Every structure is written in C-alpha cells, then in structure tokens.
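Sending over a structure as structure tokens; questions will come in a sec.
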Amino acid sequence: MYSKTEFQDSSFIDDAEILSSLAEAKETAKDAGAVRAILDKARSCNGLTHREAAVLLEIDDPQLEHELYALAKEIKERIYGRRIVLFAPLYVANHCINGCVYCGFHAGNNAMCRKKLTMEEIDQEADAILALGHKRIAMEAGEDPVNIPLDYIIECMKRVYAYKNSRGDSIRRINVNIAATTVEEYRRLKAAEIGTFILFQETFHRPTYAKMHPKGPKSNYDWHTTALHRAQEGGIDDVGTGVLYGLYDYKYETVAQLLYAESLEKMCGVGPHTISVPRMREAEGVDMEKFPYLPTDEQFLRIIAVIRVATPYTGMILSTRETPETRRRALDLGISQVSAGSCTGIGGYHKEIGQPEQPDTAQFKVSDERTPDEVLTWLCEDGYIPSYCTACYRQGRTGDRFMSLAKSGQIRNICQPNALLTFKEYLIGYGSDHLKELGEKVIAGEVEKIPSDKIKTLTKERLHKLEEGAQDLYF
C-alpha cells in the first residue's frame with residue numbers, strides 16, 4: 001500500500017556524500033597511523049561514522065587487515081559473548097507483482113509454481129519447524145496486495161503464535177519481512193505482536209535500483225527506502241535492514257547502509273536492531289551472469305568485519321545462502337544470528353504440503369543444507385553457545401531499552417543465562433544423543449562464567465527445573 005502523504009524523503013542516502021567518502025577513504029587508507037586511529041576509536045564500542053568505516057573497506061595492508069579482524073572479533077565477543085541466536089524462515093506465499101530481476105518470485109517467472117499456504121498448512125509448517133527445535137521465525141512473502149493482503153499475513157502470525165505441538169512448544173517470536181507499507185499497517189503489525197520488521201533495501205544505488213526493479217510497487221525507491229522510518233513511527237521499534245550484495249559495488253552499498261543506520265538513529269532515536277548481509281545466489285529464472293558485482297569471499301568477510309566495528313550493538317544476521325565454511329569464518333567477525341535447516345520454498349518444511357511434481361517454489365537456493373542438530377553440534381565444537389532466546393522481545397526490552405542495556409553491559413547478565421536455558425530446552429526436546437553429551441558440557445562450563453553470583457545460582461535452579469519438565473524459563 002502506498003500513500004503520497006506519508007514520509008518518503010530518502011535524501012539522507014546522498015550519492016555525492018557516498019562517492020566523496022570512498023574517494024577520501026582511498027587516500028586515508030594509505031596512512032597506517034590514520035587507520036589505527038580509527039581502529040582505536042572503534043575499540044571503545046561507540047561505533048564509527050560512515051566515513052571512518054569507508055577507510056576500513058579500503059585497507060590493503062595484511063597487518064592492518066589482521067588488526068581489523070581481531071578487533072571485530074573482540075567487539076563482538078565483548079557485547080554478545082559467544083552466543084549465536086538461531087532462527088528459521090517461513091515462506092507463506094510466493095505470489096508477487098514486482099519484476100525484481102534477482103528474485104525467483106518475480107512476476108515474469110512463468111516457471112515458478114505459485115502457492116499460498118492455507119491455515120491448516122500453516123499449522124503443519126509450524127509443527128515441522130518446531131520439530132527442528134526452532135522458537136523464532138522470519139515470516140516471508142512476495143508482494144501481491146490481492147493474493148497476499150496484510151490481513152492474510154496477520155492471520156498467519158496469529159495462527160503460528162497459537163499453534164502448540166505435542167510437547168506444548170510454540171513459536172515465541174515472529175519477525176516479518178514483507179513489502180514496504182503505511183504507518184497504519186505497521187501499527188496493525190505491532191498490534192499483532194510482530195518481533196522485528198525486516199526490509200532489505202537490495203541496493204542503495206539509484207540507477208541500479210531502477211534497473212533491478214523495472215516494474216511493480218517496489219520500483220518506487222523513495223517509498224521503499226523510508227519504510228523503516230515509517231515502521232518506527234507505527235510503533236515497531238525493532239527494525240532490520242540489509243542490502244543484497246552482488247547487485248552493485250559492495251563498498252558503495254556498505255557506506256550507504258551505514259548512512260541509513262545513522263539516519264534511523266538521528267530521526268527515530270534508535271538505529272537498526274539487525275543488519276543482514278545476504279549475498280546473491282542462484283534462483284529459478286535468474287541468470288547469475290548478469291550480476292558482475294558479486295563480492296568474493298574475502299571481500300564479503302571484510303564487509304562483515306567493518307559493519308561489526310561500525311555498529312557494535314546491532315545484531316548481524318547470516319543465512320543459509322552461505323556455505324558452512326563461509327559461515328564459520330563469518331562468526332568470528334561479527335555475525336550474531338544464523339538460520340539453520342532453512343527452506344525458502346512454500347510448504348517445504350512439511351513434505352506433504354509441497355508439490356513434488358512442480359517443486360520450484362523457492363526464492364533462492366541455499367548453500368548450507370545441514371540440519372539444525374548438525375549446525376548446533378558445529379557451534380558447540382567451535383566454542384559457541386547456541387541460543388533460542390526470545391526473552392527481550394517478550395519482556396519489552398526492545399528499541400532504545402535494549403540498546404541502553406547493551407551499552408551499559410547489563411545485557412550479559414540476561415543473555416548468557418537465557419541462551420543456556422533455551423539451549424537446555426532444545427537438548428531435552430530435540431537434541432541427538434551426541435549433541436546432548438556435547439551440549440551438557442558446554443552448559444556446565446558456561447554457567448560458571450555468568451558474572452552475577454545471584455543470576456548464576458538462579459540459572460542453575462532453572463536448568464534443574466527444565467530437567468524436571470518445566471518449559472520456557474527466562475530472565
């Protein structure tokens with residue numbers, strides 16, 4: 001839905017400023033002292049400006065690159081510890097009236113089997129996702145106001161929240177990634193208990209945006225670019241952003257992404273809750289040869305490190321678009337949330353819903369096909385703590401309230417125990433024997449690292465209650 005009267009001033013994405021920042025950065029990056037001064041500033045965990053971050057994108061000295069990566073890891077662990085939050089996407093419909101040339105859902109893709117889940121199928125998908133151990137989902141859909149009106153999305157959300165499986169488990173947080181809309185519709189999503197509203201910009205470069213979105217409502221750059229501002233006006237204080245790396249020059253996109261975060265902070269009082277870093281992948285009806293800007297793995301890792309040091313308190317999300325090896329390297333550089341066991345098709349979690357004779361309902365092809373149990377085993381073996389925590393959202397610790405806790409360091413007394421409690425829940429209900437043995441060792445070691453003696457004692461008590469059959473315990 002589009003409104004001429006609502007905010008759509010995207011002038012904060014200033015092309016001249018971005019180009020000037022990149023040009024200046026090329027020169028500054030030659031000065032090792034200047035680069036280290038920026039790294040020293042970032043070490044305080046107060047963030048960097050887009051101009052300072054641009055310099056870090058340009059460094060080519062291996063030693064400085066090593067220092068940047070070490071700092072990114074230091075900052076991430078100082079704020080998030082070794083916790084990694086897990087989630088799964090739930091695609092409810094792939095009807096779309098846009099012409100986005102990079103997406104398998106685009107309106108001109110006649111090979112795509114169009115499908116919209118019924119409420120009964122939503123139950124089946126929710127059951128299948130819960131069987132994977134997930135408690136947090138990202139609900140996704142194409143843009144089609146006739147086939148996929150907001151009423152349908154809200155009905156899906158209510159149905160998912162209401163569903164309980166045989167163990168009594170339910171989905172506890174639904175983030176939503178749908179088309180840009182009006183303040184009033186964002187208010188409706190807020191009333192429906194949305195977690196984070198997520199909308200990827202795809203590309204901030206106006207000429208490329210026009211090329212990539214030749215038709216449909218998404219072709220309106222100004223309306224799309226200001227959607228998160230309207231979402232915050234509508235009461236959704238946790239918003240997520242991201243660009244699709246591979247559509248245009250990654251340095252331009254990253255500087256623009258940081259300008260965007262600065263705008264949200266200035267105009268709305270709080271920056272993005274999450275920044276995602278999706279990279280172009282193959283999809284039905286999409287010719288990868290037409291995308292010459294796909295960043296290499298090394299460039300991609302640089303992007304992640306720079307965003308982490310520039311926006312220290314923002315969650316960073318990496319999906320199953322990336323290979324297991326890339327995901328492993330990215331965790332050390334700033335990623336704090338990953339998907340696991342993902343399906344990007346409609347009805348793909350529950351096999352009987354899908355249409356095997358017409359299987360092409362997926363938005364893109366995944367690169368990490370490991371099961372959640374395999375992903376959690378990998379995380380534990382690499383020294384991370386898997387987390388299914390949704391407590392902050394349900395306790396009202398969102399927006400500026402979350403940021404104040406994060407910046408004061410108090411969040412560690414909440415997140416660490418909640419991660420352990422939710423991981424314990426997973427082990428009891430869904431873990432393999434091998435993972436249970438491994439996970440119990442992780443929990444036993446990590447509970448002793450909780451800074452507050454009081455919280456440590458309470459956490460041990462609640463872990464024991466979970467063993468006795470309690471569920472959904474959190475701080």
Side-chain angles (χ1 to χ4, degrees), residues 57 89 91 94-115 138 140-143 177 179 198-216 218-219 221 224 241-254 256-257 275-304 307 316-330 335 338-339 342-346 348 354 358-370:
L57 289 170
Y91 286 77
N94 62 4
H95 298 276
C96 196
I97 59 174
N98 289 310
C100 312
V101 300
Y102 50 82
C103 178
F105 289 177
H106 71 85
N109 185 4
N110 295 324
M112 175 64 64
C113 173
R114 303 295 172 175
K115 185 167 178 62
E140 317 251 2
E143 182 170 7
N177 183 356
I198 302 167
L199 188 68
F200 297 158
Q201 178 61 25
E202 320 300 3
T203 175
F204 284 101
H205 186 243
R206 279 183 180 269
T208 301
Y209 190 95
K211 181 180 177 181
M212 296 294 160
H213 306 93
K215 65 177 183 178
K218 194 169 179 176
S219 63
Y221 179 98
H224 188 84
T241 180
V243 297
L244 180 56
Y245 284 100
L247 301 185
Y248 189 60
D249 175 66
Y250 74 92
K251 295 177 183 177
Y252 183 102
E253 302 286 23
T254 303
Q257 180 69 88
I275 295 178
S276 297
V277 285
R279 186 163 50 155
M280 270 292 299
R281 283 293 176 256
E282 292 182 14
E284 177 64 38
V286 176
D287 182 1
M288 290 295 290
E289 295 297 321
K290 295 181 178 179
F291 300 92
Y293 289 103
L294 190 68
T296 65
D297 287 349
E298 293 306 317
Q299 291 168 339
F300 186 62
L301 294 171
R302 175 72 66 87
I303 291 165
I304 293 169
I307 292 176
M316 290 189 68
I317 301 175
L318 191 65
S319 76
T320 51
R321 286 174 179 265
E322 298 300 331
T323 65
E325 179 55 29
T326 300
R327 300 223 296 173
R328 169 177 272 114
R329 297 176 68 189
I335 296 300
V338 297
S339 52
S342 300
C343 174
T344 65
I346 313 302
Q358 290 181 300
D360 297 325
T361 64
Q363 187 182 36
F364 60 88
K365 295 181 181 179
V366 301
S367 298
D368 186 348
E369 296 181 336
R370 292 175 296 177

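Remember, it's a predicted structure, so these values are computed and weren't measured experimentally.
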query = Sequence neighbours excluded, which residues qualify as side chain to side chain donor-acceptor pair (under 3.5 Å) partners of Ser276?
reply =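 With neighbours one apart ignored, the set is empty.
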query = What pair of heavy atoms forms the shortest contact from Asn94 to Cys113, and how long is it?
reply = ND2-O, 3.0 Å
ask   = Under 3.5 Å, side chain of His224 to main-chain N/O of Ala179, donor-acceptor pair present?
value = no
task = Might you point out which heavy atoms bring Thr208 and Leu247 nearest each other, and give the distance in Å?
result = CG2-O, 3.4 Å
query = Is the backbone of Lys251 close enough, under 3.5 Å, to the side chain of Asp249 for a donor and an acceptor to pair up by distance?
reply = yes
ask   = Going through the distances and angles, do Ile307 and Thr254 end up as a side-chain contact (heavy atoms from CB on, under 4.5 Å)?
value = CA-CA 8 Å; Ile307 292 176; Thr254 303; 4.0 Å; yes
Compile the donor-acceptor pairs under 3.5 Å between side chains in residues 289-297 and protein atoms, sequence neighbours left out, one pair per line.
unit_1	atom_1	unit_2	atom_2	d
Thr296	OG1	Gln299	N	3.1
Thr296	OG1	Gln299	OE1	3.4
Asp297	OD1	Arg279	NH1	3.1
Asp297	OD1	Arg279	NH2	2.9

key: Residues forming a side chain to side chain donor-acceptor pair (under 3.5 Å) with Asp368, sequence neighbours excluded   = Arg327, Arg370
request  = Could you check Glu322 against Phe300 for side-chain contact (heavy atoms from CB on, under 4.5 Å), going step by step and ending with a plain yes or no?
outcome  = CA-CA 10 Å; Glu322 298 300 331; Phe300 186 62; 3.6 Å; yes
inquiry  = Under a plain distance cut-off of 3.5 Å, with no hydrogens placed, do Gln257 and Thr241 share a side-chain donor-acceptor pair?
reply    = yes
query = Which atom names give the shortest non-hydrogen contact between Pro278 and Arg321, and what distance separates them?
reply =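 For Pro278 and Arg321, the tightest heavy-atom pair comes out as CB-NE, 3.6 Å.
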request  = Please lay out, stage by stage, how Thr320 and Glu369 fare under the test side chain to side chain donor-acceptor pair (under 3.5 Å).
outcome  = CA-CA 7 Å; Thr320 51; Glu369 296 181 336; over 6 Å; no
task = With sequence neighbours excluded, tell me which residues meet side chain to side chain contact (heavy atoms under 4.5 Å, CB included) with Ala138.
result = Phe87, Glu140
task = Kindly write out the residues that satisfy side chain to side chain donor-acceptor pair (under 3.5 Å) with Tyr221, not counting sequence neighbours, or none if the list is empty.
result = none
query = Where do His205 and Lys211 land on the side-chain contact (heavy atoms from CB on, under 4.5 Å) test, with the steps shown first?
reply = CA-CA 10 Å; His205 186 243; Lys211 181 180 177 181; over 6 Å; no
Donor-acceptor pair, side chain of Glu253 and main chain of Phe204, under 3.5 angstrom = yes
task = Only pairs at least two apart or in different chains count here, so list each salt bridge (charged side-chain N to carboxylate O under 4.0 Å, His left out) that has a residue in residues 198-209.
result =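 Found Glu202-Lys218, Arg206-Asp222.
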inquiry  = Please tell me whether Tyr209 and His213 form a close aromatic pair, meaning their ring centres lie under 6.0 Å apart.
reply    = yes
